[in-house]
Amino acid sequence: DAGVTQSPTHLIKTRGQHVTLRCSPISGHKSVSWYQQVLGQGPQFIFQYYEKEERGRGNFPDRFSARQFPNYSSELNVNALLLGDSALYLCASSPQYGGGAFYNEQFFGPGTRLTVL
Amino acid sequence: GDSVTQMEGPVTLSEEAFLTINCTYTATGYPSLFWYVQYPGEGLQLLLKATKADDKGSNKGFEATYRKETTSFHLEKGSVQVSDSAVYFCALLRETSGSRLTFGEGTQLTVNP
């Protein structure tokens, strides 16, 4: 079975531009979460979506938005890019929402490396 | 708020040496605890987990015990290999936070032959 897939693998943008990152969860998984990993740091939670509804938002500005589609895939959008947005963006899927670690084991994709110049 | 603190890195060991990476946490309630590993150029892989106090998670020779009294979840391996070279992240999940993981800053491990 395919794991979590993300596209594109790498992306280079300039300040002020907009970017869309895509994620396809493991088949049967209904929850998708997004994390930002700045070089040398641990991942920081951005969003969680379950059944196409936002279920959690981390401490990120409104320039960051996301959505989940009927097939449970997801997009992360970032507007007005800043140099500080350069990071590895990780998508994770899990079978459902809530219920602790037993039901919420996160499966991570390989990430999208975004460079803002 | 929730937080995870890992020992300062990086850590460099010789092959077959004993490994300990310290992790302590702050969280309300009874979180689940995880160790993830990230190999160069890849995403995160779950290494092991523990869901309640005194549980021991283990996988591929790595072990960690959930110690509620010291709020710790230290990662250990008796004999490391070159292939264990990676970045290791400690993380917690509160049952009331959906799938929101809180990660530590990571520890870079390099194992030399």
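A note on names: the letters A, B, ... follow the listed sequences, proteins ahead of strands, and every chain is numbered from 1. What you see is a predicted model, and the numbers here were worked out from it, not measured in a lab.
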Determine whether B/Q38 and A/L88 satisfy the following criterion, side chain to side chain contact (heavy atoms under 4.5 Å, CB included), listing intermediate values before the conclusion. CA-CA 12 Å; B/Q38 187 173 38; A/L88 179 68; 3.7 Å; yes
Are there residues of residues 69-85 of chain A whose heavy atoms fall under 4.5 Å of chain B's heavy atoms? If so, which? none
Give a yes or no on whether the ring-centroid distance for A/F108 and B/Y36 is below 6.0 angstrom. yes
Any side-chain heavy-atom pair from A/E105 and B/L46 closer than 4.5 angstrom? yes
Name, in order of residue number, those residues of residues 104-113 of chain B that have a heavy atom at a distance of less than 4.5 Å from a heavy atom in chain A; otherwise write 'none'. B/G104, B/E105
Out of curiosity, A/F107 CZ to B/Q45 CD, how far, rounded to the nearest 0.5 Å? 11.5 Å
When clusters are formed by joining ILVMFWY residues with side-chain heavy atoms under 4.5 Å apart, either directly or through shared neighbours, do A/V116 and A/W34 land in the same one? yes
Could you tell me which non-hydrogen atom of A/P43 sits nearest to which non-hydrogen atom of B/L44, and how far apart they are? CG-CD1, 3.8 Å
Which value, rounded to the nearest 0.5 Å, describes the distance between A/Q44 atom CD and B/L101 atom CG? 11.5 Å
Hydrophobic cluster membership, with links at side-chain heavy-atom distances under 4.5 Å among I/L/V/M/F/W/Y: are A/L90 and B/V87 in one? yes
Side chain from CB out, backbone as N, CA, C, O: work out which of these in A/Y35 comes under 4.5 Å of a heavy atom of chain B, or both, or neither. side chain
Counting only heavy atoms not in B/K68 (residues, nucleotides, ligands), do more than 12 fall under 6.0 Å from its NZ? yes
Do B/W35 and B/L33 belong together in a cluster built from hydrophobic side chains that touch within less than 4.5 Å? yes
Could you state whether B/V80 and B/F89 fall into the same hydrophobic cluster, counting links through intermediate Ile, Leu, Val, Met, Phe, Trp or Tyr residues with side-chain heavy atoms under 4.5 angstrom apart? no
Is a donor on one side and an acceptor on the other found under 3.5 Å between the side chain of B/R100 and the backbone of A/R57? yes
When clusters are formed by joining ILVMFWY residues with side-chain heavy atoms under 4.5 Å apart, either directly or through shared neighbours, do A/L21 and A/F47 land in the same one? yes
If I measure from the heavy atoms of chain B, does A/Q37 come under 4.5 Å with its side chain, its backbone, both, or neither? side chain
Atom CZ of A/R63 with >12 non-hydrogen neighbours under 6.0 angstrom: yes
Are there more than 12 heavy atoms of other residues, nucleotides or ligands under 6.0 Å from atom CG of A/L39? no
Within 6.0 Å of CD in B/E42, more than 12 heavy atoms from elsewhere: yes
